[in-house]
Amino acid sequence: NVPFLWDDDFVSLGYGRYSKVWPARECPSPEELYWEEFRAIPIAIITGTNGKTTSARLLARMVREAGLTIGNSSTDGIHINGQSAEEGDWTGPGAARMILRHPEVECAILETARGGILRRGLGVDSCNAALVTNVDNDHLGDYGINSVEAMATTKGVVYDIVEASGQKVYNMDDPQVRTLAQNAQGQKTLTSVDGLNHELLAHVQDGGRAAYLQDGKLIYQHGDEKTVLIAANAMPLAHGGTALYNISNALGCTSLAIALNIDLNAIKRALASFGADGNDNPGRGNLIEVNGVRILLDFGHNPHGVRAVMNMGNASLKPGQRMSVCIGQAGDRSNEDIAELAGVIASVKPNQIFLREMPEQYLRGRQKGEVIDVFRNCFLKLGMSPEKVQAASTELEALKQGLEWAQAGDFVIHLVHMERQTIKDYLATLNIDN
C-alpha cells in the first residue's frame, strides 16, 4: 500500500516529502528499504472546460495559507510554493510525477486537461478530492471526442480515482457535471451559485456537503452545520460580486480544500486576498484601471468562457458607460465555432469590437487576416455596423485602439489574452489607478 510511480527513466516510492526516486535500472531490492518512510500526501485533481487554472491557483493559495508546501500544475507551468519550477503547459502525468517526486511538497494540486487524459492518463491512481468545473463545446473532434457528452465522460474520469474517504466535488449549475453527479457513487460535495436549491437541500438533509452562494455570501454546509465564508463583494476574484464564474470556482476550491483538511481560517484568508494582486492569477480576469477606463484581461476563448465574461461585464456597467470587446482566435477553429463565439459577444450588444491577428504559430493552416475576415462577416450579419468593427495586427495594437476609443467609465475587455509581457510592459508606461 505504498504510492508508486514509474516512467522510462525513473521509479519512485512515496509522494512529495515522503518519496524517494531511483534511476529505473538502479532500483534497490525490497529488503533494503524502510517501507514505513514512504507515505502519500493529500492530492486534488481539477479539470473542466473553463476555470481550471484559476481554481488550481486559488486552491494552492488556500493550502499555502495553511502553512503547507504546495506543488501545483497548470497550463502555465509547475509551481512549488508559488515559485515557478517549469514553464509551459503542464497538465498531464509528467507534471504529476514531477510534483509528487519533489522532496519538499506536502500537498499536490494537479490541473488536468482532456488532452493529457486521452493521450497519457492521469498519472496517479488515487486522490483525495476531484473537481470538474464545467463541460462545454471546446476541442471537439480531437482524439475521437465528438460531443459534449463524450467530453463530460472523459473529464469525469477524475472522479473514478477519488478514494472512498475523499470527496467528489460537482458544480450543479453545469448540466453536464450535474449528470455526472447524478450517476455517481461515493461521497459528494455539491456546489451552486443559485443558493440552497432543492438538489442541494435534499443532499445536506441527507447528511451531505454543499457550498453555495446565498444572499450575497459564500456558504459551506455539512448536514445542518452552516459556515459563512465571505461576502461575495469582499472577494477580489468576484469583481464586486459580478463575476459569478469565479464565485463558482471559489465554491469548488473551498470544497476541495475542506476535503484536504485545510483549516477554514486559511480558506477564508485566501478568498479575501486572492486576485487583489495581478500576479495572483495572471491572464485570468485581471482588472485594472487606466485614467478612469477599466480594462479586463482574460484568457476566455470558447463560448462558455466568453459568455461568463460578457455577463460579468454587462452586469458591471452603469448607465452611460460603454463596453468594447477585443477578440482573436486560432486558425484551427472552424467557421462555425467562430460564428458561435461572435454570437455570444454580439448578444450583449458591445459598443465596439476590436478584431486582432493571433501570433504566427496560431494561424494553424489559415492565411493572415482570414480569421479576422470570418469574424467581421459574422458580426456584420449579426447587425453590427461596419464602423463598430475594427481590426488590429496585434493584441497590443488592439489595446491601444481600445484605449483611444474609450472614455472615463468605459469598460475595455480583452479576450484570449496571450501577449502578457508585452501588454504588461505597455501598461507600466501608463497612469494606472489601481
Side-chain angles (χ1 to χ4, degrees), residues 3 5 15-19 40-48 50-113 116-117 122-133 155 157-159 161-163 166-169 171 189 191 211 237 246 248-263 266-267 269-271 273-275 279-282 284:
L5 295 173
Y15 288 156
R17 62 176 297 186
Y18 306 110
S19 68
I41 61 172
I43 300 173
I45 298 183
I46 299 171
T47 191
N50 295 301
K52 299 186 295 295
T53 296
T54 295
S55 296
R57 289 168 173 168
L58 175 57
L59 182 56
R61 172 66 65 85
M62 293 174 176
V63 174
R64 286 182 65 194
E65 287 287 344
L68 296 175
T69 299
I70 177 69
N72 67 289
S73 62
S74 73
T75 52
D76 276 346
I78 293 173
H79 290 77
I80 307 298
N81 239 27
Q83 301 301 310
S84 176
E86 292 285 344
E87 294 184 356
D89 187 347
W90 284 88
T91 52
R97 288 192 291 268
M98 190 175 296
I99 288 171
L100 293 171
R101 287 170 173 168
H102 194 284
E104 298 174 12
V105 168
E106 296 172 299
C107 181
I109 311 300
L110 307 177
E111 178 187 333
T112 303
I117 294 173
L122 292 173
V124 292
D125 55 14
S126 67
C127 66
N128 302 89
L131 165 69
V132 179
T133 57
K155 293 182 182 293
V157 166
V158 299
Y159 292 126
I161 67 166
V162 176
E163 296 174 353
Q167 287 288 324
K168 303 174 182 182
V169 182
N171 171 16
T189 303
T191 75
L237 209 58
N246 271 340
S248 180
N249 291 334
L251 293 170
C253 288
T254 295
S255 302
L256 291 174
I258 290 174
L260 297 176
N261 294 316
I262 301 302
D263 178 69
I267 294 171
R269 288 195 298 272
L271 292 173
S273 62
F274 186 82
N279 294 319
D280 289 343
N281 198 25
R284 269 76 175 175

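Scope of the values below: all heavy atoms of this structure, side chains included, with no hydrogens, waters or symmetry mates. All residue numbers refer to positions in the sequence shown, counting from 1.
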Flag side-chain contact, heavy atom, 4.5 Å: [X] against [Y]:
{"X": "Pro42", "Y": "Asn261", "value": "no"}
{"X": "Ile41", "Y": "Leu100", "value": "yes"}
{"X": "Ile258", "Y": "Thr189", "value": "no"}
{"X": "Ile46", "Y": "Ile109", "value": "yes"}
{"X": "Tyr15", "Y": "Leu5", "value": "yes"}
{"X": "Ile45", "Y": "Ile161", "value": "yes"}
{"X": "Asn171", "Y": "Val132", "value": "no"}
{"X": "Ile70", "Y": "Asn81", "value": "yes"}

Trace of the side chain to side chain donor-acceptor pair (under 3.5 Å) decision for Glu104 with Thr69: CA-CA 7 Å; Glu104 298 174 12; Thr69 299; 5.6 Å; no
First locate atom [atom1] of [X], then atom [atom2] of [Y], and finally report the distance between them rounded to the nearest 0.5 Å.
{"X": "Thr54", "Y": "Leu59", "atom1": "OG1", "atom2": "CG", "value": "12.5 Å"}
{"X": "Leu260", "Y": "Cys107", "atom1": "CG", "atom2": "SG", "value": "5.0 Å"}
{"X": "His79", "Y": "Glu87", "atom1": "NE2", "atom2": "CD", "value": "7.5 Å"}
{"X": "Leu110", "Y": "Met98", "atom1": "CG", "atom2": "CE", "value": "12.5 Å"}

Working for side-chain contact (heavy atoms from CB on, under 4.5 Å), residues Leu256 and Gln167: CA-CA 7 Å; Leu256 291 174; Gln167 287 288 324; over 6 Å; no
Under 3.5 Å, is there a donor-acceptor pair between the side chain of [X] and the main chain of [Y]?
{"X": "Tyr18", "Y": "Glu106", "result": "no"}
{"X": "Ser19", "Y": "Gly16", "result": "yes"}
{"X": "Asn128", "Y": "Ala44", "result": "no"}

Please give me the minimum heavy-atom distance between [X] and [Y], naming the atom from each residue.
{"X": "Gly123", "Y": "Pro93", "value": "CA-CB, 3.5 Å"}
{"X": "Leu237", "Y": "Gly275", "value": "CD1-CA, 4.4 Å"}
{"X": "Phe274", "Y": "Arg57", "value": "CZ-CB, 3.6 Å"}
{"X": "Trp90", "Y": "Ser73", "value": "O-CB, 3.3 Å"}

Only pairs under 3.5 Å count here: list side-chain donor-acceptor contacts from residues 61-68, not counting sequence neighbours, and write none if there are none.
{"from": "Arg61", "atom 1": "NH1", "to": "Ser273", "atom 2": "OG", "distance (Å)": "3.2"}
{"from": "Arg61", "atom 1": "NH2", "to": "Asp280", "atom 2": "OD1", "distance (Å)": "2.7"}
{"from": "Glu65", "atom 1": "OE1", "to": "Arg269", "atom 2": "NE", "distance (Å)": "3.0"}

Please evaluate residues Asn50 and Thr133 with respect to the criterion side-chain contact (heavy atoms from CB on, under 4.5 Å), reporting the C-alpha separation (whole Å), side-chain torsions for both, the decisive distance (0.1 Å), and the verdict. CA-CA 7 Å; Asn50 295 301; Thr133 57; 5.6 Å; no
If the test is side-chain hydrogen bond (donor to acceptor under 3.5 Å, both in side chains), which one of Thr53, Thr91, Asn72 qualifies with Glu111? Thr53
Does a donor on one side chain sit under 3.5 Å from an acceptor on the other, for Asp76 and Ser74? no
